[in-house]
Q: 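Here it is: the structure, laid out below.
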Amino acid sequence: MTRFVLRRILAAVPIGLIVTLGVFALVFAMPGDPLRELAGDKPIPAAVLAAKRAQFHLDQPFIVQYLLSMKDILTGHFGTTFAGADIAAQLRLRIPVTLKLTLLANAFQWTLGLFFGIYAGFKRNGLVDRSLLLATLVLLAVPGLVAYFAAQYLFGVELKWFPVSGVLEGFPRSYLLPALVIGLLGFAGLARLMRTSIVDTVNADFVKTARAKGLGEQRVLWGHILPNALLPIVTFIGIDLAGMFGGAIITESIFNLPGLGQFMFQAIKLKEGGVVVLLSTLAFVSFIVINLLVDVLYGVLDPRVRNV
């Protein structure tokens with residue numbers, strides 16, 4: 001298992017460099033001058049503009065800017081944004097917001113998805129099963145942006161059940177509406193996968209053999225069906241967790257949540273390459289860590305993958 005984990009970590013290093021370099025190149029290629037755009041219609045003296053360019057290394061070639069950004073990340077000296085905000089302080093404020101949103105959304109998604117998926121799988125073709133398939137089909141057909149704006153207007157503006165945006169009402173109230181929308185949209189895929197996995201496992205030969213040996217239903221359920229049915233679910237949940245940062249960019253921007261996603265959106269808009277690379281690196285590291293945990297858990301559930 002140790003060699004398995006080390007191989008994954010070593011393979012992630014060159015991929016991380018390629019990802020961060022590609023992200024930085026895309027930001028670098030965006031048109032416009034970020035410092036002039038930040039000033040708006042106000043004129044900037046040439047000397048001040050030159051000093052600001054030198055401060056943020058914007059007068060350097062592309063590859064030099066990228067290497068300096070990576071150096072700042074590796075040494076922990078994140079510096080400031082173009083507007084003068086301390087990046088490290090911004091991270092301390094914003095990371096908890098994204099974590100709260102993600103954990104609450106996943107709590108809704110996993111609870112609903114696993115419960116209804118397992119129940120529908122064991123009660124195949126019943127009322128719950130047919131209702132689940134219809135409900136999830138509708139949810140999967142609704143675009144995420146439409147769901148966000150519709151929920152915000154209906155439950156925030158019209159019914160006033162939840163805050164429309166911001167975090168002024170604290171946790172969990174300020175996070176409930178976006179978390180519910182994310183959770184319901186994710187629930188559809190998870191419930192369908194869980195239901196299908198249960199149905200496939202129940203009909204597998206090893207389950208029939210276990211029953212033929214006289215094992216009780218509870219032992220067959222907990223010892224044979226669920227451990228095997230959960231294998232694809234672990235992978236699904238891992239990918240879902242690892243992709244939480246990408247989804248946060250849209251959600252936090254729509255609901256005005258001051259998290260990492262909103263920070264990334266603002267940095268892209270202002271062409272702050274260093275901030276974008278930093279946040280991309282954090283997202284990539286979290287992706288690798290979560291996938292490592294998933295691989296380890298997968299190895300516990302199915303020892304055969306340890307030698308892959």
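The first residue of the sequence shown is numbered 1, and numbering continues consecutively from there. In this text the structure is predicted, and so the values were computed from the model without any measurement.
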Q: To the nearest 0.5 Å, how far apart are OG1 in T81 and CD in E272?
A: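 The CD atom of E272 is 5.0 Å from OG1 of T81, to the nearest 0.5 Å.
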Q: Short question: side chain of K160, backbone of V157 - any donor-acceptor pair under 3.5 Å?
A: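 Yes: the side chain of K160 pairs with the backbone of V157.
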Q: Let me check something: do L21 and L282 share a hydrophobic cluster, defined by ILVMFWY side-chain heavy atoms less than 4.5 Å apart, either directly or through other members?
A: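 Yes, because L21 and L282 connect within a single hydrophobic cluster, where side-chain heavy atoms sit under 4.5 Å apart.
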Q: Can you find a heavy atom in the side chain of I182 that is under 4.5 Å from one in the side chain of L101?
A: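 Yes, close enough: below the 4.5 Å cut-off.
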Q: Might you work through the side chain to side chain contact (heavy atoms under 4.5 Å, CB included) test for W110 and L190, ending with a clear yes or no?
A: CA-CA 8 Å; W110 296 347; L190 178 59; 3.8 Å; yes
Q: If we only count heavy atoms from C-beta on, is the L279 to V275 side-chain gap below 4.5 Å?
A: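 Side-chain contact under 4.5 Å: yes.
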Q: For the hydrophobic clusters of this structure (ILVMFWY residues joined by side-chain heavy atoms under 4.5 Å, transitively), does one cluster hold both I73 and V276?
A: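 In one cluster with I73: V276, yes.
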Q: So, do F122 and V128 sit near enough that their side-chain heavy atoms are less than 4.5 Å apart?
A: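 A side-chain contact under 4.5 Å is absent here.
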Q: Would a hydrophobic clustering, with Ile, Leu, Val, Met, Phe, Trp and Tyr connected at side-chain separations under 4.5 Å, put F108 with M194?
A: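 No, no single cluster joins them.
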Q: Measure the shortest side-chain to side-chain distance between L260 and L91 over non-hydrogen atoms and say whether it is less than 4.5 angstrom.
A: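 They are in contact (side-chain heavy atoms under 4.5 Å apart), so the answer is yes.
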Q: My understanding is that only one of D72, I87, T20 makes a side-chain contact (heavy atoms from CB on, under 4.5 Å) with L278; could you say which?
A: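 Filter result, single survivor: I87.
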Q: Contact between L177 and W161 at the side-chain level, heavy atoms closer than 4.5 Å - yes or no?
A: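 No. Closest side-chain heavy atoms not under 4.5 Å.
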Q: Mark yes when over 12 heavy atoms from residues, nucleotides or ligands other than L159 sit less than 6.0 Å from its CG; otherwise mark no.
A: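 Correct, the count exceeds 12.
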Q: Give a yes or no answer on whether the side chain of T136 reaches the backbone of L133 with a donor-acceptor pair at less than 3.5 Å.
A: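 Answer holds: yes.
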Q: For side chain to side chain contact (heavy atoms under 4.5 Å, CB included), just list the numbers for F255 and Y175, CA-CA rounded to whole Å, side-chain angles, deciding distance to a tenth of an Å, and then say yes or no.
A: CA-CA 9 Å; F255 288 93; Y175 299 82; over 6 Å; no
Q: Is there a side chain to side chain contact (heavy atoms under 4.5 Å, CB included) between M70 and V277? Walk through the geometry before answering.
A: CA-CA 8 Å; M70 292 304 296; V277 168; 3.7 Å; yes
Q: Rounded to the nearest 0.5 Å, what's the gap from CD on Q266 to CD on E252? Could you check?
A: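 Spacing of CD (Q266) from CD (E252) equals 10.0 Å.
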Q: Which pair of non-hydrogen atoms, one from V23 and one from S280, has the smallest distance, and what is that distance?
A: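 Distance-wise, the nearest heavy atoms are CG1-OG, 3.3 Å.
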Q: Taking C-beta and beyond as the side chain, do L137 and R192 meet within less than 4.5 Å on heavy atoms?
A: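 Sidechains of R192 and L137: in contact.
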Q: Counting only heavy atoms not in F265 (residues, nucleotides, ligands), do more than 12 fall under 6.0 Å from its CZ?
A: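 Atom CZ in F265 is not packed in, count stays at 12 or less.
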Q: Can you give me the closest heavy-atom contact between G166 and L257, atom names plus distance?
A: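 Of all heavy-atom pairs spanning G166 and L257, the closest is O-CD2, 3.7 Å.
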Q: Heavy-atom distance under 4.5 Å between the side chains of Q90 and P258, does that happen here?
A: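 Counting from C-beta outward, Q90 and P258 never come under 4.5 Å.
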Q: Does any part of the side chain of T251, heavy atoms only, come nearer than 4.5 Å to the side chain of V181, both counted from C-beta?
A: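 When only atoms from C-beta onward are counted, T251 and V181 do not touch, as no gap falls below 4.5 Å.
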Q: Backbone N or O of I95 within a donor-acceptor pair of the T98 side chain at under 3.5 Å?
A: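 Judged by distance alone, no pair lies under 3.5 Å.
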Q: For the CZ atom on F116, are there more than 12 heavy atoms of other groups (residues, nucleotides or ligands in this structure) within a distance under 6.0 Å?
A: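 For F116, atom CZ is not crowded (no more than 12 foreign heavy atoms under 6.0 Å).
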Q: Answer yes or no: is there a donor N or O on one side and an acceptor on the other, between the side chain of Q152 and the main chain of V164, under 3.5 Å?
A: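 The answer is yes, because a donor-acceptor pair under 3.5 Å joins these two groups.
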Q: Verify the cluster assignment for L230 and V207: are they in a single hydrophobic cluster under the rule of side-chain heavy atoms below 4.5 Å apart?
A: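 Yes, L230 connects to V207 through the hydrophobic network.
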Q: Can you check whether Q60's main-chain N or O pairs, donor with acceptor, with Q65's side chain at less than 3.5 Å?
A: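 At least one qualifying donor-acceptor pair exists.
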Q: At their closest point, which heavy atom of S174 faces which heavy atom of E169, and how far apart are they?
A: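 That would be OG-N, 3.1 Å.
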Q: To the nearest 0.5 Å, what is the distance between CD1 (I63) and CG (L68)?
A: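 So the gap between those two atoms works out to 10.0 Å.
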Q: With respect to D129, which candidate in R195, R124, K123 satisfies the side-chain hydrogen bond (donor to acceptor under 3.5 Å, both in side chains) definition?
A: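 Of the listed residues R195, R124, K123, the side-chain hydrogen bond (donor to acceptor under 3.5 Å, both in side chains) partner of D129 is R195.
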Q: Could you please spell out the steps behind the side chain to side chain contact (heavy atoms under 4.5 Å, CB included) verdict for L104 and F171?
A: CA-CA 10 Å; L104 193 56; F171 182 84; 4.3 Å; yes
Q: Could you tell me whether a side-chain N or O of S197 sits under 3.5 Å from a main-chain N or O of L193, the two making a donor and an acceptor?
A: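 No: the side chain of S197 does not pair with the backbone of L193.
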Q: Using every non-hydrogen atom in the two residues, find where R211 and I225 come nearest and quote the distance to one decimal.
A: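 Closest pair (atom of R211, atom of I225, distance): NH2-CD1, 4.2 Å.
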Q: Any chance you could measure T102, atom OG1, to Q109, atom CD, to the nearest 0.5 Å?
A: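 The distance works out to 11.0 Å.
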Q: Check for me whether the distance between the ring centres of F62 and F24 falls short of 6.0 Å.
A: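 Centroid distance F62-F24: below 6.0 Å, so yes.
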Q: Minimum heavy-atom separation for V220 to A210, with atom names?
A: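 The pair with the smallest heavy-atom distance is CG2-CB, 4.2 Å.
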Q: Within a radius of less than 6.0 Å around CZ of F78, do more than 12 heavy atoms belonging to other residues, nucleotides or ligands occur?
A: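 Enclosed: over 12 neighbouring heavy atoms sit under 6.0 Å from CZ of F78.
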Q: Enter the distance from R173:CZ to F162:CZ here, rounded to the nearest 0.5 Å.
A: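 The distance works out to 7.0 Å.
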